[in-house]
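Beneath this line is the structure, given in structure tokens, with notes to follow.
Since we're looking at a predicted model, the values are computed, not measured. Just so we're on the same page: letters track the sequence lines, and every chain starts at 1.
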Number of protein chains: 2
Amino acid sequence: MTFPALTRLAQTSVPGGTEVRDEESSVHDQVYEALANRLIQGQLPPGKSVSLRTLASGLGVSPMPVREAVRRLIAQKALELQPSNKRLRVPSLSEDRLRQLMMARQWVEPELAFRAVAAMTRDVIAELKADDQRLMAALGKGDVDGYMQANHAFHFRIYRLAQADLFLDMAKTLWLQSGPFMRVVFGRLGTVQLPQDHHQELIRAFETGDAGAVRQHMSDDVHEGMELMLEALKG
Amino acid sequence: MTFPALTRLAQTSVPGGTEVRDEESSVHDQVYEALANRLIQGQLPPGKSVSLRTLASGLGVSPMPVREAVRRLIAQKALELQPSNKRLRVPSLSEDRLRQLMMARQWVEPELAFRAVAAMTRDVIAELKADDQRLMAALGKGDVDGYMQANHAFHFRIYRLAQADLFLDMAKTLWLQSGPFMRVVFGRLGTVQLPQDHHQELIRAFETGDAGAVRQHMSDDVHEGMELMLEALKG
DNA sequence: GCCTCGAAAATGTGATCACAAAATGGGAAA
DNA sequence: TTTCCCATTTTGTGATCACATTTTCGAGGC
């Protein structure tokens with residue numbers, strides 16, 4: 001679970017070091033993106049404990065920007081402070097919480113897809129098809145990580161088109177929360193019986209501009225994935 | 001716009017000072033609560049710029065815990081960093097964003113109210129009635145701040161009963177985002193033509209245990225308030 | 001009077017230090 | 001071997017320092 005150091009940050013840097021601020025995002029942002037990616041892709045399992053200093057040295061930065069990134073992730077419930085310890089870890093999901101997650105995702109993501117219809121272009125559809133091919137290829141190879149990444153790329157390529165920042169943020173937060181658990185479930189099941197993907201139908205609906213069908217297929221896709229997680233949690 | 005110092009924090013404190021950690025929340029949490037309250041009650045107008053050091057000295061703490069609280073509020077879109085400046089301020093709402101806020105609130109809050117029905121007790125109903133009386137009294141006096149506070153108390157007294165942490169967090173975030181703007185609108189309108197409140201009907205529905213009616217009345221209440229904001233934004 | 005320019009103050013960001021509490025680990029006792 | 005205890009290490013938290021950038025504001029020139 002070592003983290004590749006942030007390449008952009010090579011040139012650190014004694015106290016109050018000499019950074020060029022313009023045109024590049026802050027260290028805090030880079031740390032946040034690095035952690036968020038790993039969470040969404042499920043590279044940090046639920047219950048995994050993490051620590052500021054470990055993360056910081058792994059990324060080659062001081063604990064300071066890590067604290068801010070972590071605080072942000074805690075606000076999104078993507079990390080939590082154990083009340084007893086005050087120690088940091090990746091949260092586990094109760095069935096109750098998973099059900100709420102499922103309901104929320106099923107509300108916001110079809111809406112995002114619906115709104116994306118108007119902004120859809122041939123180019124983006126081509127990219128979606130590429131995402132879906134990567135996804136199917138990963139399925140074929142039993143590559144769970146590849147599946148997780150391609151699935152994420154596919155969905156958020158759509159959501160970004162919706163021009164709905166608030167909803168997009170909600171979706172990001174919900175994925176951050178479900179990522180670790182989703183990875184465990186899919187890893188356990190193997191990639192064989194992964195959900196019948198509705199991506200093909202989704203793409204077709206985008207091509208014909210049928211917004212109602214887009215909404216429905218996205219709803220089905222989310223529903224099926226979450227149902228799988230629910231079964232895994234109970235079983 | 002001075003902030004009363006955090007009373008609990010009187011005993012600060014040279015570097016690495018001597019704090020008692022157990023049983024009391026961290027300074028960061030207290031700062032967060034202080035800021036969140038002021039935002040929800042609309043005491044910080046949209047566009048208002050704030051600064052870490054000013055907040056810190058106003059609260060009698062070092063900038064450190066304020067940075068973490070602020071980072072958390074930024075994650076909730078209750079504060080924002082201006083991209084040009086990297087300076088901190090209370091966000092303004094576009095019509096587009098307000099509409100998304102409205103849709104989200106209208107999805108999650110009726111659901112929370114619906115779930116609260118099962119856990120409702122005579123005691124809580126009595127407290128709700130007290131909240132509503134405070135609200136009406138504030139209305140009579142033209143006391144916008146009192147209205148904001150009583151309204152918030154009323155709603156979240158219900159939502160807390162729902163035993164749905166994720167939804168509750170979503171509602172908190174949404175209120176944090178709408179608070180500043182709501183205060184401006186109600187302040188501009190005066191308290192005269194505030195929305196016909198549905199609180200009485202809501203209380204009655206809780207008393208009879210009619211969950212469907214609870215959901216409907218909450219939906220109406222949220223809808224009406226947000227419509228008022230929408231008109232104010234356009235007009 | 002109005003504008004311009006430069007010095008001073010303020011601000012966000014990152015690094016480092018200090019401290020209390022919790023976790024860890026290894027050796028002694030049973 | 002197992003269990004208990006204490007020293008060492010690790011961890012989160014808050015304060016402070018250093019630095020580059022931006023804002024502020026008053027003096028001087030038109």
| message | Measuring from the side chain of A:Val27 (C-beta onward, heavy atoms only), which nucleotide among C:dG14, D:dT23, D:dG12 has the closest atom? | response | C:dG14

| said: Ring-plane angle category for A:Trp175 and A:His155, please: parallel below 30°, perpendicular beyond 60°, tilted otherwise. | reply: tilted

| A:Ser51, nearest nucleotide to its side chain (from D:dT11, C:dT11, D:dT13) | D:dT11

| task | Starting at atom CG of A:Leu88, determine the distance to atom P of C:dA21, rounded to an integer number of angstrom. | result | 20 Å

| task | Please confirm whether the backbone N or O of A:Arg89 pairs with a side-chain atom of A:Glu80, one donor and one acceptor, at under 3.5 Å? | result | no

| Can you tell which of C:dT16, C:dT13, D:dG14 lies closest to the side chain of A:Met64? | C:dT16

| request: Spell out, as yes or no, whether a donor-acceptor pair under 3.5 Å connects the side chain of A:Gln30 to the backbone of A:Ser25. | output: yes

| query | ring pair (Phe, Tyr, Trp, His ring centres under 6.0 Å): which pairs involve residues 33-76 of chain A, sequence neighbours left out? | reply | none

| note | B:Arg53 has its side chain closest, among D:dT13, D:dC19, D:dT22, to D:dC19

| request: Calculate the interatomic distance between B:Asp29 atom CG and D:dG12 atom C1'; express it in whole Å. | output: 12 Å

| query | Taking for each residue the nucleotide of DNA chain C bearing the nearest heavy atom, is the 5' side occupied by A:Ser84 or by A:Pro65? | reply | A:Pro65

| So, do B:Leu233 and B:Phe181 sit near enough that their side-chain heavy atoms are less than 4.5 Å apart? | yes

| field | Nucleotide C:dA21, atom C1' - distance to CD of A:Gln82 in whole Å | value | 14 Å

| query | Would you say A:Gln100's side chain and B:Phe167's backbone share a donor-acceptor pair under 3.5 angstrom? | reply | yes

| Is the shortest side-chain N/O distance from A:Ser26 to OP1 or OP2 of C:dG12 below 4.0 Å? | no

| Between D:dA15, C:dT16, D:dG12, which one does the side chain of B:Ser62 approach most closely? | D:dA15

| field | Interatomic distance, B:Leu52 CG vs C:dA10 C1' [rounded to whole Å] | value | 11 Å

| said: Tell me whether B:Gln177 contacts the main-chain N or O of B:Gln76 through its side chain, where contact means a donor paired with an acceptor under 3.5 Å. | reply: yes

| request: Counting heavy atoms from C-beta on, name the nucleotide in C:dG12, D:dG14, D:dT11 closest to the side chain of B:Lys86. | output: C:dG12

| Whole Å only: how far is the CZ atom of A:Arg87 from the P atom of C:dA20? | 16 Å

| query | Among residues 66-78 of chain A, which residues get a heavy atom nearer than 4.0 Å to DNA chain D? | reply | A:Arg67, A:Arg71

| query | Whole-Å distance between C:dA21 P and A:Asn85 CG? | reply | 14 Å

| field | Whole-Å distance separating the CZ atom of A:Arg89 from the P atom of D:dG12 | value | 13 Å

| Separation of C:dG12 P from A:His28 NE2 (nearest whole Å) | 14 Å

